[in-house]
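Here the structure is laid out as structure tokens; the discussion comes afterwards.
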Amino acid sequence: MTFKKLIFDLDGTLIEPKTGITRAIVYALKHYGIEIPESGYDALTPFIGPPLTESFSRYFGFDDAKAREAVEKYREYYSVTGLFECSVYPGIPELLRQLHQAGVPVYLATSKPQIFAETLLKHLELDHYFALIAGSTLDHTRDQKSQVLNWLLSQEHLKPEECLMIGDRHYDVEGARACGIDTVAVGYGYGSREEFDLCAPAYRSETVEALAELLQQLTQEN
């Protein structure tokens, strides 16, 4: 099967965001008297990927109002400092450049607020590779990955069957499936093999190098 458009997730797919996200979570939790020692930061990595309100509720028992307030506290740190405490996965700039040179339209769909994603990709000098950067809204009206993808599809008048989503969590696979889009699950991010066994993406790729080869095959006309 040939795909004409590619849609990338951001955290865990294009960038390693752990430092900034975990520090912002620690900052937010401190507001509620919850202290997380540095040795416990790794336990916060499940926050990477899903909407933050869901994670504050799931892992700390916050109700909806408190979870939204926690997100606002999170953003106090993240919008100024944490956003830039990340790194691009090796090989990603080259992959995006290859796709650009091959004339393959590339888009971004992230649960991160759109304004943050736009700011970060510009800072990383990767923004020019994307035809449109789609993300969540600050007022929580577009939090779910399926909502972000539906907005992207409508804005760009894309046909789901022509698109392929690349992501590292089951949220990407399930969100894309809800929109009629196939997915490549990457193994170098934050999703586990067990997670992917359950959500059954159309394709899997363990490394950036393998992903580049797979995308070249899937975007070439037969």
Side-chain angles (χ1 to χ4, degrees), residues 1-15 17 46-55 58 71 92 95-96 99-100 102-118 120-121 126-127 129-192 194-205 211 214-222:
M1 187 170 183
T2 302
F3 298 95
K4 297 182 179 179
K5 323 280 185 181
L6 299 178
I7 306 172
F8 284 88
D9 173 49
L10 181 57
D11 293 340
T13 302
L14 299 179
I15 66 169
F47 273 74
I48 301 173
L52 287 169
T53 49
E54 290 185 12
S55 296
R58 178 178 301 173
V71 171
I92 288 297
L95 169 58
L96 293 174
L99 293 169
H100 181 73
V104 180
V106 172
Y107 304 86
L108 189 96
T110 175
S111 293
K112 189 188 297 298
Q114 185 163 319
I115 184 140
F116 291 174
E118 291 170 345
L120 178 57
L121 288 173
L126 297 176
D127 58 312
Y129 290 122
F130 296 91
L132 184 69
I133 295 169
S136 64
T137 52
L138 293 174
D139 63 2
H140 304 285
T141 56
R142 193 168 71 227
D143 274 354
Q144 302 297 321
K145 184 55 68 81
S146 59
Q147 294 173 321
V148 175
L149 284 167
N150 272 323
W151 183 82
L152 171 60
L153 293 174
S154 66
Q155 289 294 306
E156 294 294 293
H157 307 289
L158 304 179
K159 297 178 180 179
E161 63 273 14
E162 293 183 343
C163 299
L164 182 67
M165 175 83 200
I166 301 98
D168 73 309
R169 295 299 311 277
H170 70 89
Y171 303 97
D172 301 306
V173 179
E174 293 162 355
R177 182 175 291 132
C179 299
I181 300 171
D182 279 339
T183 312
V184 178
V186 300
Y188 55 82
Y190 286 89
S192 66
E194 294 76 17
E195 182 175 325
F196 295 144
D197 287 343
L198 289 172
C199 65
Y203 308 92
R204 297 194 197 188
S205 191
L211 176 63
L214 177 64
L215 294 181
Q216 184 178 31
Q217 296 169 9
L218 294 177
T219 56
Q220 286 181 341
E221 295 288 349
N222 295 326

Locate the shortest heavy-atom distance separating [X] from [Y]; write the atom from each residue and the value.
X      : Y      : result
Pro17  : Ile48  : CG-CG2, 3.9 Å
Phe8   : Val106 : CD1-CG1, 3.6 Å
Met165 : Ala109 : CE-O, 3.9 Å
Ile133 : Asp127 : CD1-CB, 4.4 Å
Leu108 : Ala117 : CD2-CB, 4.1 Å
Gly191 : Phe196 : CA-CZ, 3.9 Å

Can you find a heavy atom in the side chain of [X] that is under 4.5 Å from one in the side chain of [Y]?
X      : Y      : answer
Pro160 : Cys179 : no
Val186 : Ile166 : yes
Leu164 : Leu215 : yes
Pro105 : Lys4   : no

Roughly how far, to the nearest 0.5 Å, is [atom2] of [Y] from [atom1] of [X]?
X      : Y      : atom1 : atom2 : value
Glu161 : Lys5   : CD    : NZ    : 11.5 Å
Thr141 : Gln147 : OG1   : CD    : 7.5 Å
Glu54  : Asp143 : CD    : CG    : 8.0 Å
Leu14  : Tyr129 : CG    : OH    : 12.0 Å
Ile15  : Leu121 : CD1   : CG    : 7.5 Å
Ser111 : Leu52  : OG    : CG    : 9.0 Å

[X]: which residues meet the side chain to side chain donor-acceptor pair (under 3.5 Å) condition with it, sequence neighbours left out?
X      : answer
His100 : none
Tyr107 : none
Asp172 : Lys145
Gln216 : none

For residues 174-185, which residue pairs qualify under side chain to side chain donor-acceptor pair (under 3.5 Å), counting only residues two or more places apart or in two chains?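 Qualifying pairs: His170-Glu174.
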Counting only heavy atoms not in Ile115, do more than 12 fall under 6.0 Å of its CD1?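 Incorrect, the count does not exceed 12.
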Please table the atom pairs, donor to acceptor, closer than 3.5 Å between any side-chain atom in residues 149-157 and protein atoms at least two apart or in another chain.
{"from": "Asn150", "atom 1": "ND2", "to": "Ser146", "atom 2": "O", "distance (Å)": "3.3"}
{"from": "Ser154", "atom 1": "OG", "to": "Asn150", "atom 2": "O", "distance (Å)": "3.3"}
{"from": "Ser154", "atom 1": "OG", "to": "Trp151", "atom 2": "O", "distance (Å)": "2.8"}

Between Thr110 (side chain only) and Gly135 (backbone N and O only), is there a donor and an acceptor less than 3.5 Å apart?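 No.
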